[in-house]
Asker: 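I am attaching a structure below and will ask some questions about it afterwards.
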Amino acid sequence: MDLNLIDAKSVFVSNLIGPKGILSFSTSNFMSSSLKVSPLLCSYKGKAACLSSSEGAITLVGQEKYGVETYSYRFDGANGRNPSIFFREKRVLDGFNDEYGGVVVNPEKLPFNTNVFASTLRSSLSIWRREGKKGIWLKLPLEKCDLVPIAVREGFQYHHAEAGYVMMTYWIPKSNEPCMLPANASHQVGVGGFVMNHKNEVLVVQEKHCAPDLVGLWKLPTGFILESEEIFTGAVREVKEETGISTEFLEVIAFRHAHNVAFEKSDLFFICMLRPISTEIKIDDLEVQAAKWMPLMEFVEQPLIKGDNMFKKIIDMCIARIGKRYCGLSVHKVVSKFDNRLSSLYYNVVDHQTHGCSDDYCSTPILEQQIN
């Protein structure tokens with residue numbers, strides 16, 4: 001590694017010269033410049049820096065900040081005359097250790113300069129390898145996209161990307177141990193809302209953009225769950241956004257699991273039964289062409305609904321739920337000792353009187369006979 005003087009924001013080293021002329025210490029928040037210094041003279045290449053000395057203390061003042069680790073200082077001179085100081089640096093990116101023996105790099109303290117980032121990343125990997133670290137997580141914000149190809153050249157791989165950043169990972173091999181870093185999310189989660197009023201009318205929509213075979217189809221309001229959103233709140237939100245109807249979540253009636261649906265991701269789709277709170281339809285969603293309350297019989301008699309075995313089965317379960325012949329999964333808030341987190345657990349409480357079904361919908365035997 002090059003012999004460099006470290007330009008620091010504020011470093012005070014007392015009693016620098018020992019019996020053997022060598023002293024090592026650890027600190028942080030440094031910038032590197034190729035410098036060779038004496039107490040009275042600064043000659044350097046690189047960014048501006050200065051050194052001052054008084055009463056045995058040396059102060060170095062710099063500009064840019066990032067993490068460093070250990071420095072070795074060598075003092076050379078004859079009988080203390082014309083001394084010169086050389087600094088060996090070991091720079092490491094700022095970050096913190098995760099619970100699995102890896103490192104999560106702090107994206108806010110990444111240098112913008114590509115040369116500085118390249119040398120610091122290389123030095124960091126060397127240090128982390130000696131320390132026995134395993135997985136390295138490197139989040140590169142959009143404004144620092146110039147650092148991506150540098151990380152790739154050092155062996156980092158893409159993990160996932162969002163609108164404002166790309167996440168990259170590096171697995172430090174040890175005794176041919178396989179990479180244990182978790183893969184990117186494998187699923188997308190969707191919801192559909194089955195909402196029926198007291199007139200046995202189902203809330204349905206027509207989408208503006210759909211496959212040619214689905215043009216003109218009246219379907220249930222559907223959409224995707226947002227990040228950190230509950231299934232039941234997502235279902236209520238999607239119905240509200242697409243139709244303007246406020247609802248209350250009752251149960252998960254069923255869910256579908258399919259693979260290679262979009263971008264090679266698997267898909268979980270939850271059919272939720274919701275109770276209407278309002279009735280006035282108001283369309284603000286740009287994806288919705290039209291929305292209305294549609295008689296249930298008219299809805300299920302649509303050729304695309306009637307001819308689809310899966311969707312027909314879903315409607316059968318919804319009708320059976322209304323007649324209390326089928327019970328869905330209601331949501332219950334629980335805390336697990338495994339992670340001490342509040343979670344939503346969906347299950348059915350069996351009751352000998354109600355068979356686990358609530359009284360939110362009244363039985364409609366005439367309607368059930370027509371459907372069956």
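Here the structure is a predicted model, which means the values were calculated and not measured.
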Asker: For Glu230, what residues pass the side-chain hydrogen bond (donor to acceptor under 3.5 Å, both in side chains) criterion, not counting sequence neighbours?
Answerer: Lys333, Ser344
Asker: Is there a continuous path of hydrophobic side-chain contacts, each under 4.5 Å between heavy atoms, that joins Leu121 to Met167?
Answerer: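 No, separate clusters.
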Asker: Say whether Ile277 and Val204 are linked into one hydrophobic cluster, either directly or through other cluster members, by side-chain heavy-atom distances under 4.5 angstrom.
Answerer: no
Asker: As an exercise, state the distance from NZ of Lys133 to CH2 of Trp128, rounded to the nearest 0.5 Å.
Answerer: 10.0 Å
Asker: Where is the tightest heavy-atom contact between Ala291 and Val205, given as atom of each residue plus distance?
Answerer: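 Between these two residues, the closest heavy atoms are CB-CG1, 3.8 Å.
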Asker: Looking at every heavy atom in both Ile231 and Cys272, which two are closest together, and how far apart are they?
Answerer: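 Nearest heavy atoms, Ile231 then Cys272: CG2-SG, 4.1 Å.
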Asker: If only side-chain N and O atoms count, and only distance matters, is there a donor-acceptor pair under 3.5 Å linking Arg130 with Ser126?
Answerer: yes
Asker: Is the shortest side-chain heavy-atom distance between Val331 and Tyr347 below 4.5 Å?
Answerer: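 Heavy-atom side-chain distance check fails, nothing below 4.5 Å.
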Asker: Any non-hydrogen side-chain atom of Leu220 less than 4.5 Å from a side-chain atom of Phe311?
Answerer: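 Yes; the side chains approach each other to less than 4.5 Å.
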Asker: Write down the atom of Leu203, the atom of Val239, and the distance for their closest heavy-atom approach.
Answerer: CD2-CG1, 3.7 Å
Asker: I'd like to check the ring-ring contact (aromatic ring centres under 6.0 Å, His included) partners of Tyr158; sequence neighbours left out, ordered by chain and number.
Answerer: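 Per chain and number, Tyr158 pairs via ring-ring contact (aromatic ring centres under 6.0 Å, His included) with no residue.
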Asker: Are any side-chain N or O atoms of Ser124 and backbone N or O atoms of Leu93, one a donor and one an acceptor, separated by less than 3.5 Å?
Answerer: yes
Asker: How close do Glu229 and Thr233 get, counting heavy atoms only, and between which atoms?
Answerer: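 Here Glu229 and Thr233 meet closest at CG-OG1, 3.4 Å.
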Asker: Evaluate the criterion side-chain contact (heavy atoms from CB on, under 4.5 Å) for residue pair Tyr170 and Leu125; output intermediate values, then yes/no.
Answerer: CA-CA 9 Å; Tyr170 184 94; Leu125 290 174; 3.9 Å; yes
Asker: Compare every heavy atom of Asn115 with every heavy atom of Asn113, then report the nearest pair and how far apart it is.
Answerer: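 So the minimum-distance heavy-atom pair works out to OD1-N, 2.9 Å.
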Asker: Can you list every ring pair (Phe, Tyr, Trp, His ring centres under 6.0 Å) pair that touches residues 199-236, not counting sequence neighbours?
Answerer: Phe232-Phe249
Asker: Classify the side-chain pair Asn106/Lys139 by whether it contains a donor and acceptor separated by less than 3.5 Å.
Answerer: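 No, because no side-chain N or O of Asn106 sits under 3.5 Å from a partner of the opposite role on Lys139.
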Asker: Tyr165: which residues meet the side-chain hydrogen bond (donor to acceptor under 3.5 Å, both in side chains) condition with it, sequence neighbours left out?
Answerer: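 Checked Tyr165 against side-chain hydrogen bond (donor to acceptor under 3.5 Å, both in side chains); matches are His160.
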Asker: More than 12 non-hydrogen atoms from neighbouring residues, nucleotides or ligands closer than 6.0 Å to NZ on Lys282, yes or no?
Answerer: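 No, the 6.0 Å shell around NZ holds no more than 12 heavy atoms from other groups.
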Asker: Find the distance between CZ (Phe269) and OG1 (Thr222) and round it off to the nearest 0.5 Å.
Answerer: 5.5 Å
Asker: Does Ser278 use its side chain to pair, donor to acceptor, with the backbone of Glu280 at less than 3.5 Å?
Answerer: no
Asker: State plainly whether one hydrophobic cluster holds both Leu268 and Ile225, where clusters connect Ile, Leu, Val, Met, Phe, Trp and Tyr through side-chain heavy atoms under 4.5 angstrom apart.
Answerer: yes
Asker: Let me see the working for Ile305 and Lys312 under side-chain contact (heavy atoms from CB on, under 4.5 Å), right down to the final yes or no.
Answerer: CA-CA 6 Å; Ile305 298 296; Lys312 187 177 183 302; 5.7 Å; no
Asker: Is the number of heavy atoms from other residues, nucleotides or ligands under 6.0 Å of Lys313 NZ greater than 12?
Answerer: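 For Lys313, atom NZ is not crowded (no more than 12 foreign heavy atoms under 6.0 Å).
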Asker: Judged by atom type as modelled, is there a donor-acceptor pair below 3.5 Å linking the side chain of Gln302 to the main-chain atoms of Phe299?
Answerer: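 Yes.
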Asker: Mark yes when over 12 heavy atoms from residues, nucleotides or ligands other than Lys134 sit less than 6.0 Å from its NZ; otherwise mark no.
Answerer: no
Asker: By side-chain contact (heavy atoms from CB on, under 4.5 Å), which residues pair with Cys210, not counting sequence neighbours?
Answerer: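 Testing Cys210 for side-chain contact (heavy atoms from CB on, under 4.5 Å), a comparison that skips the adjacent residues, returns Glu207, Leu214, Val215.
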Asker: Starting at NE2 of His332, measure out to OH of Tyr346 and round the result to the nearest 0.5 Å.
Answerer: 10.5 Å
Asker: So, Trp293 side chain and Thr279 main chain: donor-acceptor pair closer than 3.5 Å or not?
Answerer: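 Here the side-chain-to-backbone pair exists.
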Asker: Run Arg91 and Ser119 through side-chain hydrogen bond (donor to acceptor under 3.5 Å, both in side chains) and show every step you take.
Answerer: CA-CA 8 Å; Arg91 296 174 292 178; Ser119 61; 2.6 Å; yes
Asker: Going by the side-chain contact (heavy atoms from CB on, under 4.5 Å) test, name the single residue among Leu250, Ile245, Val236, Val191 that passes it with Leu274.
Answerer: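 Exactly one candidate clears the test, Val236.
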Asker: For Phe117, give me all partners under ring-ring contact (aromatic ring centres under 6.0 Å, His included), at least two apart in sequence or on another chain.
Answerer: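 Phe117: no ring-ring contact (aromatic ring centres under 6.0 Å, His included) contacts found.
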Asker: Taking atom CD of Gln206 and atom CE of Met294, what is their separation to the nearest 0.5 Å?
Answerer: 8.5 Å
Asker: Under the salt bridge (Lys or Arg N to Asp or Glu O under 4.0 Å) rule, what pairs show up with a residue in residues 289-302, not counting sequence neighbours?
Answerer: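 Residue pairs with at least one partner in residues 289-302: Glu301-Lys306.
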Asker: Can you get from Ile314 to Leu304 by hopping between Ile, Leu, Val, Met, Phe, Trp and Tyr side chains that sit under 4.5 Å apart?
Answerer: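 Yes: a chain of side-chain contacts under 4.5 Å links Ile314 to Leu304.
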Asker: Please list, chain by chain and in numerical order, all residues satisfying salt bridge (charged side-chain N to carboxylate O under 4.0 Å, His left out) with Glu143, sequence neighbours excluded.
Answerer: none
Asker: Looking at residues at least two apart in the chain, or sitting in another chain, which of them share a side-chain hydrogen bond (donor to acceptor under 3.5 Å, both in side chains) with Ser246?
Answerer: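 Counting only residues at least two positions away or on another chain, Ser246 forms a side-chain hydrogen bond (donor to acceptor under 3.5 Å, both in side chains) with Lys240.
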Asker: Table please: side-chain donor-acceptor pairs of residues 252-262 below 3.5 Å, with sequence neighbours left out.
Answerer:
unit_1, atom_1, unit_2, atom_2, d
Arg256, NH2, Asp267, OD2, 2.7
His257, NE2, His187, NE2, 2.8
His259, ND1, Ser266, OG, 2.8

Asker: Which pair of non-hydrogen atoms, one from Cys327 and one from Arg321, has the smallest distance, and what is that distance?
Answerer: CA-CD, 4.3 Å
Asker: Look at the side-chain heavy atoms of Ile, Leu, Val, Met, Phe, Trp and Tyr, link any pair under 4.5 Å apart, and say whether Trp137 and Val103 land in one connected group.
Answerer: no
Asker: Test side-chain contact (heavy atoms from CB on, under 4.5 Å) on Leu138 and Leu110; report intermediate values, then the result.
Answerer: CA-CA 10 Å; Leu138 178 63; Leu110 291 171; 4.1 Å; yes
Asker: Does the side-chain contact (heavy atoms from CB on, under 4.5 Å) test come out yes or no for Ile136 and Ile172, once each step is laid out?
Answerer: CA-CA 8 Å; Ile136 311 300; Ile172 300 177; 4.1 Å; yes
Asker: Can you name the residues that form a side-chain hydrogen bond (donor to acceptor under 3.5 Å, both in side chains) with Gln289, not counting sequence neighbours?
Answerer: none
Asker: Can you tell me if Asp98 uses its side chain to pair, donor with acceptor, with the backbone of Gly101 under 3.5 Å?
Answerer: yes
Asker: Going by heavy atoms in the side chains, are Gln157 and Met168 under 4.5 Å from each other?
Answerer: no
Asker: Could you work out, with side-chain contact (heavy atoms from CB on, under 4.5 Å) as the rule, every residue matching Glu241, not counting sequence neighbours?
Answerer: Arg237, Glu238, Asp285
Asker: How long is the straight-line distance from OG1 of Thr169 back to CG of Leu181, given to the nearest 0.5 Å?
Answerer: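 With rounding to 0.5 Å, CG (Leu181) is 5.5 Å from OG1 (Thr169).
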Asker: Counting neighbours of CG on Asn309 that are heavy atoms of other residues, nucleotides or ligands and sit closer than 6.0 Å, is the number greater than 12?
Answerer: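 It does not: Asn309 CG has 12 such atoms or fewer within range.
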Asker: Nearest 0.5 Å, please: how far is CD in Glu201 from CG in Asn197?
Answerer: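 Here the interatomic distance stands at 4.5 Å.
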Asker: Are Glu248 and Arg275 close enough for a salt bridge, meaning some N to O gap below 4.0 Å?
Answerer: yes
